[in-house]
Amino acid sequence: MDLLPDSAPLATRLRNTLIQYHSIGDSEWRVAKKTKDATVWRKPSEEFSGYLYKAQGVVEDVTNRIVDHIRPGPYRLDWDSLMTTMDIMETFEENCCVMRYTTAGQLWNIIAPREFVDFSYTTSYEDGLLTCGISLDYGEVRPNFVRGFNHPCGWFCIPLKDYPSHSLLTGYIQTELRGMLPQSAVDTAMSSTLANFYSDLKKALKT
């Protein structure tokens, strides 16, 4: 088990990595799933043997409110059907924390419940916000859970210039679920989970 890292350099490194993902050209991505709420693309990850996913859709709300629903805090558990528990383990500054959370089983429990411990950081980006995270090897693994690992992930939320009450939400996710899993099951689950994330978030923002 590692000690907690120094938050400032980790936050800077994470932000720079996400900005790098955000500048990857369209030609490198392949469409994985398309719904009325979002489009999901993927490309081979440079961090591990799975995929880096990109999801994008327009969400009808202001940037701050959307990000408040995504980042660690009281809203996330209320609407994210995949997340079953969430605890803030450490807080560094207002916009920086370590959280432990668990996820529900997926695909008829082919993918068993998972536990993650993530460093999370929220910062300004252009006219909007970026909330990003990366897993840490920290804290005891609880029984009945496989410890998964999130390589650098994040959500860019930028107000639309002509419709500032709408925001373009772009996510980059690369989750290593670990455990003995067929890769095809993981890929199916990831695309669907990201598309559902948008529809669930939109419903939550309307209530």
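Values reported hereafter were calculated over all heavy atoms of this structure, with side chains retained and with hydrogens, waters and symmetry mates removed. Just so we're clear, the structure is a prediction, and the values are computed from it rather than from any experiment.
- Nearest approach of Pro164 to Pro159, heavy atoms of both residues: O-CB, 4.1 Å.
- At least one donor-acceptor pair closer than 3.5 Å links the side chain of Ser23 to the backbone N or O of Gln20.
- For the side chain to side chain contact (heavy atoms under 4.5 Å, CB included) test with Leu169, the passing option among Leu201, Asp61, Val58 is Leu201; the others fail.
- Counting non-hydrogen atoms of other residues, nucleotides and ligands closer than 6.0 Å to OH of Tyr163 gives a total of 12 or fewer.
- Counting heavy atoms from C-beta on, the side chains of Met190 and Arg42 never come closer than 4.5 Å.
- Going from atom CE of Met99 over to atom OG1 of Thr91 covers 12.0 Å, rounded to the nearest 0.5 Å.
- Within the 3.5 Å criterion, the main-chain N or O of Asn150 finds a donor-acceptor partner in the side chain of Ser135.
- Looking at Tyr198, its side chain does come within 3.5 Å of a backbone N or O of Ala55 through a donor-acceptor pair.
- Two residues are said to be in side-chain contact when any heavy atoms from C-beta on lie closer than 4.5 Å; Leu205 and Tyr75 fail this criterion.
- Shown here is Asn16, whose CG atom has more than 12 heavy atoms of other residues, nucleotides or ligands within 6.0 Å.
- Put simply, the side chain of Asn64 reaches to within 4.5 Å of the side chain of Leu129, judged on heavy atoms.
- Put simply, the residue from Phe149, Phe145, Tyr101 that forms a ring pair (Phe, Tyr, Trp, His ring centres under 6.0 Å) with Phe116 is Tyr101.
- For the pair Ser7/Glu93, a side-chain contact is recorded, criterion being any heavy-atom separation below 4.5 Å from C-beta on.
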| task | Before giving the answer on side-chain contact (heavy atoms from CB on, under 4.5 Å), spell out for Thr17 and Ile134 the whole-Å C-alpha distance, their side-chain angles and the decisive distance to 0.1 Å. | result | CA-CA 11 Å; Thr17 301; Ile134 186 169; over 6 Å; no

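- Counting only distance, with no hydrogens or angles, the side chain of Asn196 and the backbone of Ser192 share a donor-acceptor pair below 3.5 Å.
- Ring geometry for Tyr53 against Tyr51 counts as perpendicular: the plane angle is over 60°, on a 0 to 90° scale with 30° as the lower cut.
- Here the side chain of Asn95 pairs a donor or acceptor atom with the backbone of Thr122 at under 3.5 angstrom.
- For the atom pair CZ of Arg142 and CZ of Arg147, the computed distance is 8.5 Å after rounding to the nearest 0.5 Å.
- In terms of modelled atom types and a separation under 3.5 Å, the side chain of Thr35 and the main chain of Asp37 share a donor-acceptor contact.
- Thr131 contributes atom OG1, which lies 15.0 Å from atom OH of Tyr125 (distance to the nearest 0.5 angstrom).
- In this structure, Pro72 and Ile88 approach most closely via the heavy-atom pair CB-CD1, 3.6 Å.
- With hydrophobic clusters built from ILVMFWY side chains whose heavy atoms lie under 4.5 angstrom apart, Trp155 does not share a cluster with Val62.
- Distance OG1/Thr102 to CG/Asn144: 11.0 Å, rounded to 0.5 Å.
- A side-chain donor-acceptor contact under 3.5 Å links Gln174 to the backbone of Pro152.
- You'll find the side chain of Leu168 stays beyond 4.5 Å of the side chain of Phe156, heavy atoms only.
- In terms of heavy atoms, Arg100 sits closest to Glu140 at NH1-O, 3.0 Å.
- Within the 4.5 Å cutoff, the side chain of Glu60 has no heavy atoms near those of the Lys202 side chain.
- The hydrophobic clustering, which links ILVMFWY residues whose side-chain heavy atoms are closer than 4.5 Å, places Val117 and Phe48 apart.
- Atom NZ of Lys43 is separated from atom CZ of Arg30 by 10.5 Å, given to the nearest 0.5 angstrom.
- Under the 3.5 Å distance criterion, the side-chain polar atoms of Asp87 are left unmatched by any main-chain donor or acceptor of Met89.
- Contact of the Tyr138 side chain with the Phe119 side chain is not registered, since no non-hydrogen atoms from C-beta on lie closer than 4.5 Å.
- The OG1 atom of Thr84 lies 10.0 Å from the CD atom of Glu115; values are rounded to the nearest 0.5 Å.
- Under a hydrophobic-cluster definition in which Ile, Leu, Val, Met, Phe, Trp and Tyr are linked whenever side-chain heavy atoms come within less than 4.5 Å, directly or via other members, Ile173 and Val67 are assigned to different clusters.
- Hydrophobic clustering of Ile, Leu, Val, Met, Phe, Trp and Tyr side chains at less than 4.5 Å, counting indirect connections, keeps Ile70 apart from Leu160.
- Outside the 6.0 Å centre-distance limit, the rings of Tyr172 and Trp41 are not counted as a close aromatic pair.
- Side chain of Arg15 to backbone of Leu130: no donor-acceptor contact under 3.5 angstrom is found.
- Below 30°, between 30° and 60°, or above 60°: for His69 and Trp79 the angle between ring planes is between 30° and 60°, a tilted geometry.
- Side chains of Thr170 and Gln56: a donor on one and an acceptor on the other come within 3.5 Å.
- Remark: side-chain polar atoms of Thr103 are not paired, donor with acceptor, to backbone N or O of Leu82 under 3.5 angstrom.
- Follow the hydrophobic side-chain contacts under 4.5 Å out from Val141 and you never reach Val146; the two are in separate clusters.
- Side-chain atoms of Leu10 and Tyr121, non-hydrogen and from C-beta on, never get closer than 4.5 Å to each other.
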